[in-house]
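These numbers were taken from a predicted model, which means no experiment stands behind them. In what follows, chains are A, B, ... by sequence order, proteins preceding strands, each numbered from 1.
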Amino acid sequence: EAAVTQSPRNKVTVTGGNVTLSCRQTNSHNYMYWYRQDTGHGLRLIHYSYGAGNLQIGDVPDGYKATRTTQEDFFLLLELASPSQTSLYFCASSDWGGGEQYFGPGTRLTVL
Amino acid sequence: GQQVQQSPASLVLQEGENAELQCNFSSTATRLQWFYQHPGGRLVSLFYNPSGTKHTGRLTSTTVTNERRGSLHISSSQTTDSGTYFCAIDNNNRIFFGDGTQLVVKP
């Protein structure tokens, strides 16, 4: 089974703060994804990547940057955090674009 | 537009009852995946089911792609089944999630 880890698991920051969320997958999957989940809703895609150095825009990209530094590592960056970005963030990976997705444990971010 | 619609939005069962969760999608999706989200937030993949019927324990996933629908059947529900169930479909190499069905199983 694919292993996807995220750090930190919980993060509190203030409005205007800088936040970096990290994701690592160890199954050599090509695709990696960042989602956010707000209370009572499904997941919404922020950014995704199909390989090191690649970045694709998702459905809710505003206010987020992302970088895929290696096959294993995908980072989500909030450079000027706002309270509207308080959410549960999930990273996922898949072998190909339509393949089965494996999720990390999530990072709960609170922006005060 | 809304790619994936799940029903019901919420469901309350007595332990031992069965449940049928529905997923309808608007695009010509090629794959459907069911997830369970623990009350604490962790997501677990239940089924990756492009078409047909798959079984795991008390769970059955059925996908009818040409009718753009899928279902998840839970038999003999247990209190530990409580949580939120999501279906997701892929379209053009991207995954779209429904808003989930929140299930509560009472003892």
Side-chain angles (χ1 to χ4, degrees), chain A residues 1-6 8-11 21 23 25 27 29-51 54-61 86-110, chain B residues 1-10 21-51 54 56 61 63 65 70 72 83-104:
Chain A
E1 187 173 335
V4 183
T5 56
Q6 294 182 233
R9 296 293 312 280
N10 290 281
K11 176 74 177 178
L21 306 184
C23 177
Q25 55 96 6
N27 252 37
H29 283 171
N30 293 313
Y31 280 73
M32 295 185 74
Y33 309 82
W34 277 107
Y35 295 91
R36 63 176 287 173
Q37 184 185 25
D38 301 305
T39 304
H41 293 283
L43 281 69
R44 293 184 292 169
L45 183 65
I46 304 171
H47 291 297
Y48 65 106
S49 164
Y50 54 72
N54 174 263
L55 182 65
Q56 302 294 316
I57 295 173
D59 298 317
V60 289
T86 293
S87 191
L88 180 59
Y89 290 86
F90 286 100
C91 175
S93 73
S94 66
D95 191 29
W96 56 287
E100 184 173 7
Q101 294 206 348
Y102 298 86
F103 280 81
T107 295
R108 196 168 294 276
L109 175 66
T110 302
Chain B
Q2 182 71 20
Q3 296 264 0
V4 184
Q5 294 188 332
Q6 292 187 243
S7 61
S10 62
L21 281 56
Q22 302 293 336
C23 179
N24 292 279
F25 40 93
S26 59
S27 64
T28 310
T30 54
R31 274 156 285 271
L32 189 147
Q33 192 168 3
W34 284 98
F35 294 91
Y36 167 70
Q37 187 168 37
H38 289 265
R42 185 165 183 91
L43 274 169
V44 176
S45 177
L46 297 175
F47 292 101
Y48 177 68
N49 187 9
S51 66
K54 292 187 175 182
T56 300
S61 165
T63 303
T65 307
L72 179 68
T84 306
Y85 293 80
F86 291 98
C87 74
I89 57 97
D90 84 276
N91 185 15
N92 291 329
N93 289 335
R94 290 179 47 180
I95 306 295
F96 295 88
F97 283 78
D99 283 342
T101 292
Q102 188 169 10
L103 176 65
V104 173

Neighbour count >12 (heavy atoms, 6.0 Å) for atom OH, A/Tyr50: no
Residue, of A/Gln56, A/Gln37, A/His41, A/Glu100, that accumulates the most heavy atom pairs under 4.5 Å with chain B: A/Glu100
Ring centre gap for B/His38 and B/Tyr36 strictly below 6.0 Å: yes
Sub-6.0 Å ring centroid separation between B/Phe35 and B/Phe97: yes
Residues which pass salt bridge (Lys or Arg N to Asp or Glu O under 4.0 Å) with A/Arg44, listed by chain and number, not counting sequence neighbours: A/Asp38
Proximal component of A/Leu45, with respect to chain B [non-hydrogen, under 4.5 Å]: side chain
Residue list, ring pair (Phe, Tyr, Trp, His ring centres under 6.0 Å) with B/Phe47, at least two apart or on another chain: none
Interchain contact, A/Gln101 with chain B, by part (heavy-atom threshold 4.5 Å): both
Under 4.5 Å from a heavy atom of chain A, the part of B/Gln37 involved: side chain
Contact class of A/Phe90 relative to chain B, heavy atoms under 4.5 angstrom: side chain
